[in-house]
Novice: 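Sharing a structure here in structure tokens format.
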Amino acid sequence: MRKRNESVTVEHERAVAAAAAAVPGPLDKGCSLRHSLHLPAAAAEGMKRPLGRRYGLWFRLRKLIIWLLGMYIAIPFLVKLCPAIQAKLVFLNFVRVPYFIDLKRPQDQGLNHTCNYYLQPEEDVTIGVWHTVPAALWKNARGKDQLWFEEALGSSHPVILYLHGNAGTRGGDHRVELYKVLSSLGYHVVTFDYRGWGDSIGSPSERGMTYDALHVFDWIKARSGDNPVYIWGHSLGTGVATNLVRRLCERETPPDALILESPFTNIREEARSHPFSVIYRYFPGFDWFFLDPITTSGIKFANDENVKYISCSLLILHAEDDPVVPFHLGKKLYNIAATSRSFRDYKVQFVPFHTDLGYRHKYIYRSPELPRILREFLGKSEHEHHH
């Protein structure tokens with residue numbers, strides 16, 4: 001009997017132990033489980049992986065945002081401490097587009113009636129020059145040397161000295177297309193790369209660029225006889241052009257006309273309106289951080305001041321959809337020039353190009369109206385020059 005009772009007791013204890021093992025965990029006084037359910041190891045690992053991935057992605061994204069914010073704040077201080085950075089951004093002479101062209105061979109760009117020269121405005125400065133003759137002289141120009149091209153400037157054709165904008169070289173695509181248009185209209189086109197651009201040797205500066213332009217102008221005048229010489233500036237080249245023409249007028253040797261394509265008023269207003277400045281335009285102290293370093297570098301390109309001292313006919317061409325130099329700056333410059341006493345005896349004309357035409361910053365050469373505009377304006381300028 002005693003053995004039987006012991007057997008029952010053992011079986012009872014086993015049953016209790018089994019029941020206890022089946023229960024997830026003991027209950028506390030509030031009848032809630034003290035311990036959570038224990039999942040299999042594989043299932044727990046599977047849940048950790050997505051959480052780990054999401055955390056790692058968020059960590060990397062947060063790190064990137066902090067880095068970008070740090071750079072955004074650091075750049076203004078860097079520009080302020082190193083004004084040369086801002087000067088580089090104004091000139092962009094280190095951007096050579098198109099890159100794989102030989103500037104010694106303008107014929108590779110379809111300019112078979114063009115000669116490449118090298119002139120030396122100052123010691124240790126050499127500038128590369130292209131001279132494209134009028135299309136009427138194309139056949140005669142084939143295979144000719146530099147001397148022939150120089151003598152051709154004395155033929156009965158007007159000359160345009162073209163001053164290009166920042167970035168690229170004298171072989172830029174839109175520039176080459178303009179040379180072709182002007183050549184087809186009967187003009188000699190002389191253009192060059194400022195010191196520091198293209199294959200020209202020297203360090204860029206506003207003073208240096210203006211002196212290079214003056215040297216080329218004098219070089220042309222020494223060979224062109226009584227033929228009219230016009231100056232055409234585009235974008236940043238309009239600043240060089242007005243600097244040059246102001247100096248020419250002060251020494252009483254003005255050009256026969258000045259043409260400004262996509263001009264601005266001054267470099268500070270242009271820099272404030274430039275697309276690159278959008279993300280910083282409302283940054284506290286924008287002028288102090290970004291515009292003052294330009295002035296500190298000796299860069300002004302004050303077209304709005306220069307036109308007050310220019311005495312020759314002025315033509316301004318500007319596309320309404322220009323994204324680089326806003327249309328309103330060209331219009332503002334025209335209003336300043338039109339009311340200036342220096343232009344009282346000369347024609348001042350502003351020609352806008354509608355947004356629908358899509359000429360933007362550098363495609364005005366595509367306008368079928370351009371030949372007529374130039375013929376009418378420059379024809380009147382020649383009449384004023386001879387009378």
Side-chain angles (χ1 to χ4, degrees), residues 82-96 101-106 114-132 145-154 159-172 175 188-224 229 231-255 267 293-302 306:
C82 304
I85 294 175
Q86 192 69 316
K88 283 284 187 183
L89 293 176
V90 171
F91 297 137
L92 290 178
N93 58 302
F94 56 90
V95 178
R96 182 169 175 172
I101 67 169
D102 184 353
L103 293 171
K104 295 182 178 66
R105 294 178 52 83
T114 300
C115 186
N116 181 68
Y117 310 147
Y118 290 99
L119 303 179
Q120 192 171 12
E122 295 178 307
E123 189 177 356
D124 299 325
V125 175
T126 303
I127 56 175
V129 181
W130 279 0
H131 172 199
T132 302
D145 59 9
Q146 179 175 335
L147 181 60
W148 183 92
F149 276 84
E150 290 187 29
E151 290 176 349
L153 285 169
V159 183
I160 291 179
L161 170 58
Y162 179 79
L163 306 172
H164 68 66
N166 67 356
T169 68
R170 62 190 183 277
R175 295 163 187 162
H188 288 275
V189 182
V190 178
T191 187
F192 67 96
D193 282 320
Y194 316 105
R195 60 186 73 188
W197 271 260
D199 57 354
S200 296
I201 298 171
S203 299
S205 67
E206 180 175 355
R207 186 207 69 83
M209 296 163 70
T210 303
Y211 191 81
D212 292 345
L214 177 62
H215 182 81
V216 177
F217 178 85
D218 287 341
W219 181 87
I220 292 170
K221 290 295 288 183
R223 292 158 176 78
S224 60
V229 178
I231 294 173
W232 184 313
H234 172 245
S235 193
L236 188 66
T238 65
V240 181
T242 63
N243 280 349
L244 169 62
V245 176
R246 175 177 176 173
R247 187 163 176 176
L248 293 175
C249 290
E250 287 174 347
R251 75 176 195 184
E252 299 183 352
T253 58
I267 199 64
I294 297 177
T295 307
T296 302
S297 299
I299 304 172
K300 297 179 180 179
F301 290 115
N306 287 338

Novice: Between CG of Asn166 and CE of Met209, what distance do you get to the nearest 0.5 Å?
Specialist: 8.0 Å

Novice: Which one of Tyr194, Phe192, Phe91 satisfies the ring pair (Phe, Tyr, Trp, His ring centres under 6.0 Å) criterion with His164?
Specialist: Tyr194

Novice: I'd like to know if the side chain of Thr191 and the backbone of Tyr162 have a donor-acceptor N/O pair within less than 3.5 Å.
Specialist: yes

Novice: Could you go through the side chain to side chain contact (heavy atoms under 4.5 Å, CB included) check for Leu161 and Trp232 one step at a time?
Specialist: CA-CA 6 Å; Leu161 170 58; Trp232 184 313; over 6 Å; no

Novice: Do the charged groups of Glu122 and Arg207 touch, with an N to O distance under 4.0 Å?
Specialist: yes

Novice: Got a donor-acceptor contact below 3.5 angstrom from the Thr169 side chain to the Gly171 backbone?
Specialist: yes

Novice: Surrounding CZ of Arg247 (heavy atoms of other residues, nucleotides or ligands, distance under 6.0 Å), is the total greater than 12?
Specialist: no

Novice: Could you report the tightest heavy-atom contact between Gly198 and Leu103, atom names first, then the distance?
Specialist: CA-CD1, 3.9 Å

Novice: Is it the case that the side chain of Trp219 and the backbone of Pro121 share a donor-acceptor pair, with hydrogens and angles ignored and the cut-off at 3.5 Å?
Specialist: no

Novice: So, using salt bridge (charged side-chain N to carboxylate O under 4.0 Å, His left out) as the criterion, who are the partners of Asp218 when residues are at least two apart?
Specialist: Arg251

Novice: If you round to the nearest 0.5 Å, how far is CD of Gln86 from CD1 of Ile299?
Specialist: 8.0 Å

Novice: Looking at Arg195, is its backbone amide N or carbonyl O close enough to the side chain of Asp212 to form a donor-acceptor pair, meaning the two atoms are under 3.5 Å apart?
Specialist: yes

Novice: Salt bridge or not for Arg170 and Asp199, using N-O below 4.0 Å?
Specialist: yes

Novice: Check the side chains of Trp197 and Asn93 for a donor-acceptor pair under 3.5 angstrom, ignoring hydrogens and angles.
Specialist: no

Novice: I'd like to know if the side chain of Ser224 and the backbone of Ile220 have a donor-acceptor N/O pair within less than 3.5 Å.
Specialist: yes

Novice: Looking at Gln146, His131, Glu150, which one forms a side chain to side chain donor-acceptor pair (under 3.5 Å) with Tyr117?
Specialist: His131

Novice: Please report the shortest heavy-atom distance between Ile127 and Ser200, naming the atom on each side.
Specialist: CA-OG, 3.2 Å

Novice: Is the number of heavy atoms from other residues, nucleotides or ligands under 6.0 Å of Lys300 NZ greater than 12?
Specialist: no

Novice: Between the main-chain N or O of Glu206 and the side-chain N or O of Thr210, is there a donor-acceptor pair closer than 3.5 Å?
Specialist: yes

